[in-house]
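Below, chain A is the first sequence line, B the second, and so on; all start at residue 1.
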2 protein chains.
Amino acid sequence: MHKEDTLTKNQQIIFDLIDKSPEPMKAYSILHDVQKKGIKAPLQVYRALDKLVEIGKIHKIESRNAFIACHNSSCQVSKATAFSICEICEKVTEISSASLSKYLTNFKDKDGMKYSKYNLEFFGLCKKCR
Amino acid sequence: MHKEDTLTKNQQIIFDLIDKSPEPMKAYSILHDVQKKGIKAPLQVYRALDKLVEIGKIHKIESRNAFIACHNSSCQVSKATAFSICEICEKVTEISSASLSKYLTNFKDKDGMKYSKYNLEFFGLCKKCR
DNA sequence: TTTAAATTGTTATAATATAACACTATGTAA
DNA sequence: TTACATAGTGTTATATTATAACAATTTAAA
Ligand SMILES: [Zn+2]
Ligand SMILES: [Zn+2]
Ligand SMILES: [Zn+2]
Ligand SMILES: [Zn+2]
């Protein structure tokens with residue numbers, strides 16, 4: 001783990017749940033699962049999610065409105081992320097490729113502008129689904 | 001224009017609106033604007049949007065839930081897209097870079113898998129906002 | 001200690017998107 | 001032309017995702 005922040009109670013509960021999940025979790029699915037732990041309202045979930053994203057413990061898969069724990073020590077606090085997504089089984093994997101992140105971080109657009117923050121989602125079929 | 005499909009009435013109305021917009025448009029904003037043309041329900045908008053995305057006339061900016069007309073003849077029917085997004089003014093620009101698309105299309109993950117479909121969103125500050 | 005910042009709990013509501021069903025237009029093939 | 005399939009439409013209702021607003025509490029510094 002590369003972020004040593006101390007999580008609050010709600011943040012820890014929600015992070016643990018996402019971290020244990022084999023697949024990205026959606027906010028209301030999280031809500032359902034943590035109600036037995038006293039987290040009863042959507043906002044409690046979204047606030048924890050926002051914070052966890054901010055500090056880089058989890059990422060949002062934008063095309064799926066779902067959240068996944070970070071398992072890539074080189075993604076600079078949630079600012080530069082890449083994922084592969086299976087279009088059949090919806091399996092999502094965080095890509096940790098030094099060359100990819102180097103290429104994207106150094107990429108310059110037509111105006112010569114560089115971007116340290118990006119999100120890349122690759123779509124295809126995973127090994128199992130091919 | 002690189003896609004010669006004939007659009008239906010609703011698709012044409014909604015495409016024209018998005019195509020003229022200087023910025024990405026959200027579904028309910030589109031709905032508001034086309035009500036005078038007889039399109040009254042969210043589903044009519046979402047169905048046209050789905051089709052327009054499918055045939056590559058528009059793209060969805062996933063991190064913003066908004067839609068923008070395609071102005072990049074090299075993005076293969078909506079399958080391989082890249083955008084820059086200004087975090088202050090929200091200006092969105094489609095990136096047409098042969099080297100970027102080549103790099104990403106040829107990118108192989110750890111399992112040697114290639115992906116012809118991807119969506120990349122860069123974040124930063126545009127010229128004006130810097 | 002007192003003060004500011006962050007977090008929590010709660011209710012209500014906004015914003016985004018789809019299900020289900022009946023109907024209509026359009027194109028293709030017998 | 002008629003039959004059939006496919007795509008598109010109109011409509012109502014509903015599901016899903018996310019935030020506003022406000023009061024209270026906890027935490028961490030100054
Ligand atoms: Zn990560
Ligand atoms: Zn799969
Ligand atoms: Zn395009
Ligand atoms: Zn800007």
Examine distances only and state if a side-chain atom of [X] and a backbone atom of [Y] form a donor-acceptor pair shorter than 3.5 Å.
{"X": "Thr105(A)", "Y": "Ser101(A)", "result": "yes"}
{"X": "Ser21(A)", "Y": "Pro24(A)", "result": "no"}
{"X": "Glu121(B)", "Y": "Glu62(B)", "result": "yes"}
{"X": "Asp19(A)", "Y": "Phe15(A)", "result": "no"}
{"X": "Asp109(A)", "Y": "Asp111(A)", "result": "yes"}
{"X": "Gln44(B)", "Y": "Ala41(B)", "result": "yes"}

Per Arg47(B) side chain, nearest of listed nucleotides dT10(C), dA17(C), dA20(C): dA20(C)
Within one Ile-Leu-Val-Met-Phe-Trp-Tyr cluster: Phe107(B) and Ile95(B), side-chain cutoff 4.5 Å: yes
Whole-Å distance separating the [atom1] atom of [X] from the [atom2] atom of [N]:
{"X": "Lys26(B)", "N": "dA17(C)", "atom1": "NZ", "atom2": "P", "answer": "8 Å"}
{"X": "Leu52(A)", "N": "dT8(C)", "atom1": "CG", "atom2": "P", "answer": "10 Å"}
{"X": "Gln11(B)", "N": "dT26(C)", "atom1": "CD", "atom2": "P", "answer": "13 Å"}
{"X": "Leu49(A)", "N": "dT8(C)", "atom1": "CG", "atom2": "P", "answer": "12 Å"}
{"X": "Tyr28(B)", "N": "dT18(C)", "atom1": "OH", "atom2": "P", "answer": "10 Å"}
{"X": "Leu7(A)", "N": "dA6(C)", "atom1": "CG", "atom2": "C1'", "answer": "14 Å"}

Side-chain donor-acceptor contact under 3.5 Å, Asn119(B) with Thr81(B):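 Yes, a side-chain donor-acceptor pair sits under 3.5 Å.
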Note: Glu23(A)-Lys91(A) ion pair, threshold 4.0 Å (strictly below): no
Gln44(A) vs dT10(C): side-chain N/O to OP1/OP2 distance below 4.0 Å: no
Distance below 4.0 Å between Thr8(B) side-chain N/O and dA25(C) OP1 or OP2: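 Result: no.
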Those residues that, when tested against Phe123(B), pass ring-ring contact (aromatic ring centres under 6.0 Å, His included) (two or more places apart):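 Once residues adjacent in sequence are excluded, Phe123(B) has no partner under the ring-ring contact (aromatic ring centres under 6.0 Å, His included) criterion.
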Qualifying residues under ring-ring contact (aromatic ring centres under 6.0 Å, His included), relative to Tyr103(A), sequence neighbours excluded: Tyr103(B)
For the student: nearest non-hydrogen atoms of Leu125(A) and Cys86(A), plus distance: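 In this case the closest contact between Leu125(A) and Cys86(A) is CA-SG, 3.9 Å.
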Shortest non-hydrogen contact from Leu52(B) toward Gln11(B):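 Answer, listing the atom of Leu52(B) first, then Gln11(B): CD1-O, 3.8 Å.
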Plane angle bin for Phe122(A) and Tyr118(B) - parallel if under 30°, tilted between 30 and 60°, otherwise perpendicular: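 The arrangement is perpendicular - the two ring planes meet at more than 60°.
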Bend angle of the helix from dT1(C)-dA30(D) to dA30(C)-dT1(D), end axes from five pairs each (to 10°):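 Both end axes considered, the difference amounts to 40°.
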Residues from residues 60-68 of chain A lying under 4.0 Å of DNA chain D - heavy atoms: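 Correct list: Lys60(A), Asn65(A).
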Within residues 29-43 of chain B, residues whose heavy atoms come under 4.0 Å of DNA chain D: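 DNA chain D contact set from residues 29-43 of chain B: Lys40(B), Ala41(B), Leu43(B).
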Nucleotides bounding contact with chain A, strand DNA chain D, heavy-atom threshold 4.0 Å: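 Counting from the 5' end, contacts occupy dT17(D) to dA21(D).
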